[in-house]
Amino acid sequence: MATSVIKSMILQSVLYTTTNQQPLLCPSLATWQCSPTPSMIIAAPDNFNPDVQTPPSQIVPEPTAPIVTPLPLKPKPTPLKPTATPEKSTTPSPTTSLPRLTQEADQIAAERAWKYFERNWNPQTGLVNSADNLPWTTWWDQGSALLGIHAAYQLGLLPKDRFQQRMNTLLQTLEKLPLPATGLPNKAYSTRTAEMRHLNDTPDPQGTSGWSVLDMARFLLGLHVMRSHYPEYSDRINRIVARWNLSKLVKDGWLNGAIPRAGRLLQVQEGRLGYEQYAAHSLKLWNIRANNALFNPPVKIVEVDGITLQIDQRNLQNSGATNYLTNDPYLLWGLEMGWNDPVKPQVQNLFKVQQQRFKRTGILTAINEDSLDRPPYFLYYSVYANGKAWQAVNTSGKAYPQLQFVSTKAAFSWFALMPDEPYTKMLRDFVQNLSDKNRGYLSGRYENPKLGVNGSIDVNTNAIVLESLLYQARGRHPLVLEGRSQREQ
């Protein structure tokens, strides 16, 4: 057992993971200093198309050229719908009362998740580490960090003066953030110095790592929440975003990223069903429209355990990127923007198929993308991927069925979104105590009882725990549509 712990620690913190609850063996307080440099860090959805053209499908013409200037803010902003078609909202109306957690278990969970931020916030930059003790980040992770800090302030975990200090420090960093020649933030940065880094956490002074539109979309969503809830920061946030060449995030109506290839940046279509629409709706908050991503993804129908689901036709074999059908984008969509009518059948069936697997096998099921505390250190656990059901695969498509896991952030999110379902209560109870008292919530627990907990600790898990609790405290009202509370006035 000692050998496996040591082997896990060799790569743990630089591979987007942390140790389990065993005492640290690394003599340094920053465990990343004890590790050799890995070939890749995975900290956000890695579903882009590296070499193959977008499948031929009908192009939806843009009604006008994309508008990439920040949205003007109104004193009382009208709630923004995540689709262009009118629909009835089932979201409760926002209240003006302070959000508060009424259950002891919720208050305990919030305090545990906040431990991660207290430990991993960097006072030099205002950035939050992607994983415990790892001074490195992507913009997906910083989007999570923003929303986690917002939730903590709203829930009373973070006093106003400290919230303002953290926001001012972050905005100062973003105002001076080094940018590559692309005019868009590099894929990765140091959280201690705000210098550009490669995905393997080595220096990238020229910013040659490219950009991820999925990552940028999540960060822009976080910035939108901050500018709309706290008007005192809106002008600074708008000026920061105006520096960035956001027009590059969309091409021909599709989400557009860039990856290094043969000494140059190759622009690629990025995103698969679920992630693609979550990101496209996030960009709409900044008047950036990716109409093909929103309305014309190449979709086909499959059945898993007799339940009908939509999957992306662009899989690893025909596009070079896996079509993960997992919880994360749908749960974030629900918590942050609210599900629109077209996506609700997919969400309902995604929930039902996991619930049914539990009834059929006795295995508690809450899938997700997540970091692991052992090789390969990051997996996408999906209901369906690359032609097969219940796949836990890495970014190369290699399956690791022995490492299927219950996701902490998925369990918290399902319960917040569907509190009247007995199965979601079971999930929430199962993960309530999966935490380290000093470091925050663990990523989850392996389905194989012999493996025990997944001891990785990261910003996404702990931020989403806080988001889900704020969603509950505000009467199940999505974060980007909230009315201003007394705390915001």
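A pairwise comparison of heavy atoms in Leu134 and Thr191 identifies O-OG1, 4.2 Å as the closest pair.
For Arg264, the side-chain hydrogen bond (donor to acceptor under 3.5 Å, both in side chains) criterion is met by no residue, not counting sequence neighbours. Scored by the salt bridge (Lys or Arg N to Asp or Glu O under 4.0 Å) test, Arg357 finds Glu447 as partners (sequence neighbours excluded). Residues passing the salt bridge (Lys or Arg N to Asp or Glu O under 4.0 Å) test with Asp235: none are found, sequence neighbours excluded. Under the rule for a side chain to side chain contact (heavy atoms under 4.5 Å, CB included), the partners of Leu147 that lie at least two apart in sequence or sit in another chain are Arg218, Leu221, Val225, Glu336, Glu467, Leu479. Partners of Ile240 by side chain to side chain contact (heavy atoms under 4.5 Å, CB included), not counting sequence neighbours, listed by chain and number: Leu171, Leu174, Glu175, Trp244. Not counting sequence neighbours, Tyr189 has no partner by the side-chain hydrogen bond (donor to acceptor under 3.5 Å, both in side chains) test.
Checking side-chain atoms of Asp305 against main-chain N and O of Ile307 turns up no donor-acceptor pair under 3.5 Å. Proximity of a side-chain donor or acceptor of Asn256 to a complementary backbone N or O of Val250 within less than 3.5 Å is not detected.
Side chain to side chain, Asn129 and Asn120 meet the donor-acceptor criterion of an N or O pair below 3.5 Å. Using a 3.5 Å distance cut-off with no hydrogens or angles, the side chains of Ser443 and Asp458 do pair a donor with an acceptor. Counting only N and O atoms by type, the side chains of Asn327 and Gln354 include a donor and acceptor under 3.5 Å apart. Between the side chains of Gln269 and Arg272, at least one donor N or O lies within less than 3.5 Å of an accepting N or O. Thr137 and Arg197 form no side-chain donor-acceptor contact under 3.5 Å, judged by distance and modelled atom types alone. Under the 3.5 Å distance criterion, with hydrogens and angles disregarded, a donor-acceptor pair is assigned to the side chains of Asn186 and Asp204. When only modelled atom types and interatomic distance are considered, Ser144 and Asp141 share no side-chain donor-acceptor pair under 3.5 Å. Side-chain contact of Gln356 with Tyr423: a donor-acceptor pair under 3.5 Å is absent, judged by distance alone. Side-chain polar atoms of Gln346 and Tyr330 form a donor-acceptor pair below 3.5 angstrom.
Electrostatic pairing of Arg227 and Glu232 does not count as a salt bridge here, judged by no charged N lying under 4.0 Å from a carboxylate O. Salt-bridge check for Asp106 with Arg428: passed, with a basic side-chain N closer than 4.0 Å to an acidic carboxylate O.
Going from atom CG of Leu379 over to atom OG of Ser407 covers 12.0 Å, rounded to the nearest 0.5 Å.
For Lys248, the NZ atom is densely surrounded, since the number of other residues' heavy atoms within 6.0 Å is greater than 12.
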